[in-house]
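Inspection log for the structure reproduced underneath, given as structure tokens.
Just so it is clear: chains get the letters A, B, ... in the order the sequence lines come, proteins before strands, and each one is counted from 1. This is a predicted model, so every value here is computed, not measured.
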2 protein chains.
Amino acid sequence: MPPTAVNHPLICKLEHSAALSQVERSALEALTLSRRPVSARHDIAVHDNTDRVYLVMSGIAGRYKTLRQGNRRIVSFAVPGDLCRMHICGPSTRDMRLGALTHCTVVDIPRTRLTELIETHPGIAHVMRWLAMMELNRAREWLVNDSRPADRRLAHHFCELLVCLQVVGLANENSFELAISQADLADAMGISQVHINRVLQGLRAGDLIVWSKSALTIPDVERLQAFAEFDPGYLDLRPAKAA
Amino acid sequence: MPPTAVNHPLICKLEHSAALSQVERSALEALTLSRRPVSARHDIAVHDNTDRVYLVMSGIAGRYKTLRQGNRRIVSFAVPGDLCRMHICGPSTRDMRLGALTHCTVVDIPRTRLTELIETHPGIAHVMRWLAMMELNRAREWLVNDSRPADRRLAHHFCELLVCLQVVGLANENSFELAISQADLADAMGISQVHINRVLQGLRAGDLIVWSKSALTIPDVERLQAFAEFDPGYLDLRPAKAA
DNA sequence: CGATGGCTTGAGAACACTCAATTGCTGTGG
DNA sequence: CCACAGCAATTGAGTGTTCTCAAGCCATCG
């Protein structure tokens with residue numbers, strides 16, 4: 001197999017939906033040559049610039065909005081392979097921001113070039129539709145998750161991260177690197193920093209997770225999934241990559 | 001102007017994104033001839049049937065999921081003109097349900113016929129992409145909303161409902177019919193029935209809303225929007241319908 | 001008249017918040 | 001090597017929100 005499919009998180013992820021032709025893979029790869037570092041706690045997207053799409057190549061970013069009261073709500077994580085600001089029209093989402101939670105490497109993609117690719121390559125158009133749908137499923141799953149008690153909610157996030165990082169080869173069977181802060185996690189769950197600390201301690205005490213030195217390990221994945229009521233179906237990933 | 005555009009909620013809503021040709025309007029209309037009543041508290045969608053899309057013509061429905069613990073979380077409302085179960089692939093969303101909150105009239109649309117329309121009419125394809133994007137924006141806005149205190153959160157839902165119903169001509173400047181129960185509202189907000197009752201009393205006491213006899217009136221729309229921190233930008237509706 | 005479904009109220013417990021202080025780690029400059 | 005600043009994690013204490021359980025009320029409908 002070509003090394004590009006393995007190393008390139010976007011292609012890696014998209015091919016969990018449907019296989020791409022070699023031409024399509026190359027076209028996508030050509031889009032993502034020039035990379036740019038973004039340090040933690042800095043915004044990736046220029047606020048009112050809507051003619052660019054951003055691809056995360058490494059690190060973890062977050063789509064978020066800051067409320068008048070001052071608290072920030074992260075509405076989704078963007079891990080390597082995730083395209084951001086795809087779905088924008090007019091001045092609509094001008095107050096939804098995109099920031100790096102850890103140090104990130106990103107690619108700026110002109111929206112027009114991506115549109116061209118979609119119009120000329122049916123395979124790319126197909127996987128992009130799949131992407132939009134999966135993002136919607138994911139957002140609604142986060143809403144459902146918001147109704148769960150905090151400990152199960154947090155567990156659910158960990159389960160989702162595990163699967164999403166496995167897709168791009170950044171997690172093994174039961175662990176992955178997670179360098180974000182507790183404050184970021186709190187903002188993603190909609191609870192306070194003090195409280196997430198105590199919830200984390202609860203999960204640790206129950207041997208559901210081990211999180212030290214930026215490495216998160218899940219001793220018993222099935223047990224954590226059962227605890228979180230996690231069912232990966234909504235991510236709609238094919239069981240395995242059939243080269 | 002033709003009466004169909006005024007009376008048909010789906011066309012009415014889609015034309016807030018971009019104008020459709022007369023041929024496209026007729027094609028959509030032809031899809032939605034046979035209507036079916038669904039009484040309150042009954043599911044609209046057959047659980048594991050994924051080859052149909054549902055269009056709400058009257059009443060209010062909700063997309064929801066029931067958690068193990070027994071509580072139900074509504075992740076979005078479907079008002080007249082809303083297409084449901086558009087975005088499904090594989091067995092993914094098998095546990096996300098679609099139920100009528102009030103008495104509803106719905107149209108069952110074979111997914112294949114809608115796909116045909118999208119493939120043959122570029123205008124329809126365009127507005128469908130807009131629709132998917134708006135649903136994602138909306139879901140993320142609900143997530144942000146979940147971080148607000150309960151009274152502001154409820155106010156935000158009312159503001160959104162007002163705009164969405166105005167789009168299809170089911171709300172006037174500051175009021176609309178709202179026949180759903182407090183329990184439904186509670187499930188949409190992720191709080192208990194007892195609590196929503198008290199939050200409602202708070203909004204009523206502050207003269208922010210009047211809700212009696214299934215009619216919701218907002219005495220001062222700007223004041224409620226300010227209270228809820230509501231900005232309709234995420235719905236991406238054009239200011240007015242230009243015939 | 002009784003049944004039903006929805007709304008309202010009370011009371012105590014559980015959960016999550018804020019404020020504030022402490023600890024530990026890490027990189028930097030002297 | 002130490003002092004220091006900055007950031008993240010932790011802990012305590014008191015407060016406020018939201019929950020559950022339970023009962024009562026009020027329409028509507030047969």
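Of the N and O atoms on the side chains of B/N137 and B/E141, not one donor lies less than 3.5 Å from an acceptor on the other residue. At a cut-off of 3.5 Å, with distance as the only test, a side-chain donor of B/S76 or B/R63 sits close to an acceptor on the other residue. Judged purely by distance below 3.5 Å, without hydrogens or angles, the side chains of B/R148 and B/N145 pair a donor atom with an acceptor atom. For the 3.5 Å distance criterion, the side chains of B/Y64 and B/D184 fail to qualify, holding no donor opposite an acceptor.
Here chain B contacts DNA chain C (any atom closer than 4.0 Å to a heavy atom, that is under 4.0 Å), and the contacts span C/dG6 to C/dA11 from 5' to 3'. You can see that DNA chain D meets the heavy atoms of chain B within a 4.0 Å-exclusive cut from D/dT18 to D/dT28, reading 5' to 3'.
For the contact set between residues 187-203 of chain B and DNA chain D, defined by any heavy atom under 4.0 Å, the members are B/G190, B/I191, B/S192, B/V194, B/H195.
Between A/V53 and A/R85, the closest heavy-atom pair is CG2-O, 4.1 Å.
Under the 6.0 Å distance and 45° angle rule, A/R138 does not count as a cation-pi partner of A/Y234.
Using a 4.0 Å heavy-atom distance criterion, A/R152 is classed as making no nucleic acid contact. Nucleic acid contact for B/R148: none, since no nucleic acid atom lies under 4.0 Å from a heavy atom of the residue.
DNA chain C is contacted by both A/Q69 and A/K213; A/Q69 maps to the nucleotide lying nearer its 5′ end (nearest heavy atom per residue).
For B/E222, the side chain to side chain contact (heavy atoms under 4.5 Å, CB included) partners at least two apart in sequence or on another chain are B/D220. For the side chain to side chain contact (heavy atoms under 4.5 Å, CB included) test, residues two or more places apart in sequence or in another chain that qualify with B/S58 are B/T105.
Using a 4.5 Å heavy-atom cutoff, the side chains of A/L14 and A/L131 are in contact.
Every pair passing ring pair (Phe, Tyr, Trp, His ring centres under 6.0 Å) that includes a residue from residues 131-171 of chain B is listed here, sequence neighbours excluded: B/F77-B/W142, B/W142-B/H157, B/H156-B/F230.
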